[in-house]
Amino acid sequence: MNNLKLRTAGMAVSAAAMSIALVACGSSGPAGTGASADSATMWGLTGGDQPVFQASIDSWNKSHPDSAIKLDFFANDAYKTKVRTAVGAGQGPTLVYGWGGGVLKSYVDAGQVDDLTGFLKENPDVQSRYLPSILESGVIDGKTYALPNNKVQPVVLYYNKEVFDKIGAVAPKTWDELMALVPKFKEAGVAPFSLGGQSKWPDLMWLEYLVDRIGGPEVFANIAANKPEAWSHPAVIEALTKIQELVDAGGFINGFSSIAADSNADQALLYTGKAAMILQGSWIYQGMKKDAADFVSSGKLGYVPFPTVEGGKGDPANVVGNPSNFWSVSSKATEDQKKTALEYVKDGMFTDENVQSLIDSGAVPVVTGIEDKLAASPDKDFLSYVYGLAKDAPDFTLSWDQALSPAQGDAMLANLDQIFLKKITPEQFASTMNATIGK
């Protein structure tokens, strides 16, 4: 099996101090499990993996009543703010859910998460179960601080085959083909692209892929390495310009800036035929499988790589997205809480039942030796496609808002939102972002 190749870069980081009042969207700790105020705690995200994590913790708590774990779920956007604030205040969960990259480095630099290198050495079976390059994503300065906990998550261009068939179109392979489809779908009364612009992070997928296709992964590697004026690279300017050209052409559904990805409203526009395409992570397949089972099972859902850009330097097989999500262990937890957390990581995660649950949900687990299980799934076409995308990618770039420091990531998303709304120019975006380098 080939390993995923993930670009990593050292990043200077400063933690963002923010506060928010937030109510959990769900929790675990059923009567009789032994979960209490002194139990280890875990925070996860609502959405596709929620039932899988819930089942895993319920099973753990049932068989380990004296070391139960309390699990709470939060919506994606709110979670990212809440967890940074809580961890920074020494009040985070025992098991911290994250993406690696710059945010993880900010935790490491502040001494907020434990070094897990020794744990892996003592438990070689834990280390060997992971795809090595994904495991590497939790490494900062040669030490492991986070362990993968779910699935491979490249960003994919999805399309509604039924809508395409109505106008006699085929999925775009080039940017010019993509732009040529815009007026055709508009004439048919269908939005070319759905977009959860209110959430801002879906906007980023467009910039990530366009910069990669135009300039190659080295452009963002220089940004992540805090090289002066790196945001002014011609590939960044061209990518932002193309985004605004797509906006001007009416490429995105009306009112995209008020559509939230957390509620799955963006993907609903695809499967209801109101939008022809959506650029989103492989994780939304789980949502569509649950909310639009007939659409998925009938073969109406199509998926292709992001188009090439004429004259671009990037390999068309490169992908962006999240190699996985991760668990880190809070350094502020009690020794008993840490012991429970590590015992769960060792024996409660990626059991045969857990792996099969992930596959059944429509995801590709980040563990070795699952080819036969993927092939036996009713979702084998999509799962094999995603697995191949990730496995064969010459470069798999981590989502920029996670790869960068929290301060840079927040500034980037805020200013990219202004790009999509046509309130600033590409040059203004680059100038603003150059000022964040090293912060």
Extract all donor-acceptor atom pairs below 3.5 Å that involve side chains of residues 142-150 and protein atoms in other chains or at least two apart in sequence.
from   : atom 1 : to     : atom 2 : distance (Å)
Asn149 : ND2    : Phe326 : O      : 3.3
Asn150 : OD1    : Ser324 : OG     : 3.0
Asn150 : OD1    : Asn325 : N      : 2.9
Asn150 : ND2    : Asp49  : OD2    : 3.1
Asn150 : ND2    : Asn325 : OD1    : 2.9

Enclosure of Glu353 CD (heavy-atom neighbours >12, cutoff 6.0 Å): no

Quick one: side chain to side chain donor-acceptor pair (under 3.5 Å) partners of Thr436, sequence neighbours excluded? none

What pairs with Asp114 under salt bridge (Lys or Arg N to Asp or Glu O under 4.0 Å), at least two apart in sequence or on another chain? Lys338

For side-chain contact (heavy atoms from CB on, under 4.5 Å), just list the numbers for Trp175 and Thr308, CA-CA rounded to whole Å, side-chain angles, deciding distance to a tenth of an Å, and then say yes or no. CA-CA 6 Å; Trp175 183 257; Thr308 60; over 6 Å; no

Tyr344 vs Ser56, side chain to side chain donor-acceptor pair (under 3.5 Å): CA-CA, chis, key distance, verdict: CA-CA 10 Å; Tyr344 169 75; Ser56 176; 2.7 Å; yes

Could you pull out all residues at least two apart from Lys242 that satisfy salt bridge (Lys or Arg N to Asp or Glu O under 4.0 Å)? Glu238

Could you please spell out the steps behind the side chain to side chain donor-acceptor pair (under 3.5 Å) verdict for Gln267 and Asn264? CA-CA 6 Å; Gln267 58 189 266; Asn264 295 346; 3.2 Å; yes

Test of ring centre spacing under 6.0 Å for Tyr159 and Tyr303: no

What residues form a salt bridge (Lys or Arg N to Asp or Glu O under 4.0 Å) with Asp141, not counting sequence neighbours? none

Qualifying side-chain hydrogen bond (donor to acceptor under 3.5 Å, both in side chains) pairs with a residue from residues 200-213, counting only residues at least two apart or across chains: Asp77-Trp201, Asp212-Asn318

Of all pairs that satisfy salt bridge (charged side-chain N to carboxylate O under 4.0 Å, His left out), the ones with a partner from residues 253-279, not counting sequence neighbours: none

Can you confirm whether or not the ring centre of Phe193 sits under 6.0 Å from the ring centre of Phe256? no

Thr340: partners by side chain to side chain donor-acceptor pair (under 3.5 Å), with sequence neighbours left out: none

Of Tyr158, Phe295, Tyr271, Phe382, the residue whose pairing with Tyr285 passes ring pair (Phe, Tyr, Trp, His ring centres under 6.0 Å): Phe382

With sequence neighbours left out, what residues match Ser257 under side chain to side chain contact (heavy atoms under 4.5 Å, CB included)? Leu421

Tell me which pairs pass salt bridge (charged side-chain N to carboxylate O under 4.0 Å, His left out) where either residue lies in residues 277-304, with sequence neighbours left out. Glu162-Lys300, Lys289-Asp379

Quick one: salt bridge (Lys or Arg N to Asp or Glu O under 4.0 Å) partners of Asp401, sequence neighbours excluded? Lys80

With Gln356 via side chain to side chain donor-acceptor pair (under 3.5 Å) - residues at least two apart: Asp360

Please tell me whether Phe53 and Phe73 form a close aromatic pair, meaning their ring centres lie under 6.0 Å apart. no

